[in-house]
Amino acid sequence: MPAAIQDRPTAQAGRTPLVVRLLVLATFVVILNETLMINAIPRLMESLHVTEQAAQWVSTAFMLTMAAVIPVTGWFLQRVTTRQGYAIAMGVFLTGTALSAAAPTFTVLLLGRIVQAAGTAVMMPLLMTTLMTVVPENDRGRVMGNVTLAISVAPALGPAVSGLILQLGSWRLLFVAVLPIAGAVTYFGLRQLTNIGEPQVSNIDWFSAAAATLGFGGLVYGLSLFGERDANLGPSIGITIAGAATIAIFVRRQLKLQRTGAPLMDLRTLKHRTFALALTLMCVAFLAMMGSMILLPLYLQNLRGLTPLQTGLLLMPGGLAMGVLGPTVGKLYDRFGSRRLVLPGSIGIVLSLAGFTQVSMSMPYWQVLGLHALLMVSLAATFTPIFTVGMGALPPNMYPHGSSILGTLQQVAAALGTALVVTVMSARTGQLVADGAGAVAAQLSGMKVAFVVATVLAAATIVVAALLPKQAAAASDA
């Protein structure tokens, strides 16, 4: 990792360092775009004359690029200063945003989204590594609570924000609105940002880089195919297996490089028990969040007849509550440790998902809002301690590898959550339609079964949460 680790600046407890605040703001802006296009699919189909399956790629390609690029960010961040990494990431993101806003065809729009995602992929590892370097251990929970805004709340607010903007006009406004904000963040960030340490010259194993790109990218792509309507299971399964096999080759290569050289992604991080537990819990929790983000708009718009704006307004309080509680949860973590927060949070996730298994055509909207708010608040109580205790369990030289693994598997979990709930819902719906059930009743039943599956998986987080350290100080396991 950067020499930043060796030249650790001191930060006054109780105050968030300026460099971290700037990176949090920039990361929030770029990660918001991961889910910003979910509500724009119908507009894209009409404006660019593409099918629904093709239009879905504006989100799939973003997620796919993130999964492919994040594994090499650890090496990249070693070779550049903080300012250089920030300038390159935001410059690439701005280029992709401008390209998307002016895209004359769907192909150009897709290219713009890929460029956007490449810039976004650098920001979260840069933020996480800088935070772990400059913030004292006893103050990390509070600061990580602010980081939760960027890594968790931004994707949760994406559909709501896009629903509001789409009421004003074309899908291009989604990019036009982001462009000046991202430009201002980049300009003021470069004026205020200071370098943390010095870059180091390091080599990269290009075979590992290619295997990571093909493996994680292929796995996310294969999983995303399951989420497409009328998906052909043959190619979906084949690509998913091929991606998993390539990841196995990548893992074997990293284990070899750990003995003879510098691995692209140091898997010795997984030997730290607390980090491995936090990683597992994060993946399952993020899977549950992304699954619900896909199912709820389908339920509210396709079955209950709400507009994108109405859907966004109904789901926005939960996302805002998640963001508002982030700093408070961080302070509680500094005081009480991880288990006392994550265990109730995990129980809340299970209860909220269990409540959604009872969705119906007459479920009151206040109940939907309440269950969604419970889910978001529970995720807030879970994500901040998970990230903090997980990264804090690693030695400083493994921070970039830990953040890279967290970021990569977060994308895999997002793809898996989307694929799982859509596949289960579609299978159940198709079965009931074949048996003569009405389309609405069949889809409603499919959603219920999908939420049941998500609830069962989320129950595993309770078991994992019980194994986390009681106090923050216990997180520095070796």
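No side-chain heavy atom of Leu406 sits less than 4.5 Å from a side-chain heavy atom of Gln410. A heavy-atom distance below 4.5 Å is not found between the side chains of Leu173 and Leu166. A 4.5 Å side-chain heavy-atom check between Val421 and Val453 finds every atom pair outside the cut-off. For the pair Phe76/Ile88, a side-chain contact is recorded, criterion being any heavy-atom separation below 4.5 Å from C-beta on.
Here Arg340 contributes atom CZ and Leu332 contributes atom CG; the two are 11.0 Å apart, rounded to the nearest 0.5 Å. Atom CD1 of residue Ile462 and atom CG of residue Leu281 lie 10.0 Å apart, to the nearest 0.5 angstrom. Atoms CE and CG, from Met265 and Asp205 in turn, are 13.0 Å apart once rounded to the nearest 0.5 Å. One distance of note links CG of Leu190 with CZ of Arg83; it measures 5.5 Å at 0.5 Å rounding. Atom-to-atom distance recorded for Arg21:CZ and Leu25:CG is 11.0 Å, nearest 0.5 angstrom. Distance CD1/Ile70 to OG1/Thr65: 10.5 Å, rounded to 0.5 Å.
Side chain of Gln254 to main chain of Leu264: a donor-acceptor pair is present (N/O by atom type, distance under 3.5 Å, no hydrogens or angles). For Arg172 (side chain) and Ala103 (main-chain N/O), a donor-acceptor pair under 3.5 Å exists by modelled atom type. Checking side-chain atoms of Arg339 against main-chain N and O of Leu468 turns up a donor-acceptor pair under 3.5 Å. With hydrogens and angles ignored, the 3.5 Å screen pairs no side-chain donor or acceptor of Arg253 with any backbone N or O of Ser208. Thr408 contributes no side-chain N or O that, together with a main-chain N or O of Ile405, makes up a donor-acceptor pair within less than 3.5 Å. Side chain of Thr246 to main chain of Ala211: no donor-acceptor pair is present (N/O by atom type, distance under 3.5 Å, no hydrogens or angles). Put simply, the side chain of Gln258 gets close to the backbone of Leu267: a donor and an acceptor are under 3.5 Å apart.
Taking the six-membered ring where the residue is Trp, Phe175 and Trp171 present perpendicular rings, their angle passing 60° and hence far from 30°.
Exactly one residue among Val284, Thr280, Leu279 makes a side-chain contact (heavy atoms from CB on, under 4.5 Å) with Met282. That residue is Leu279.
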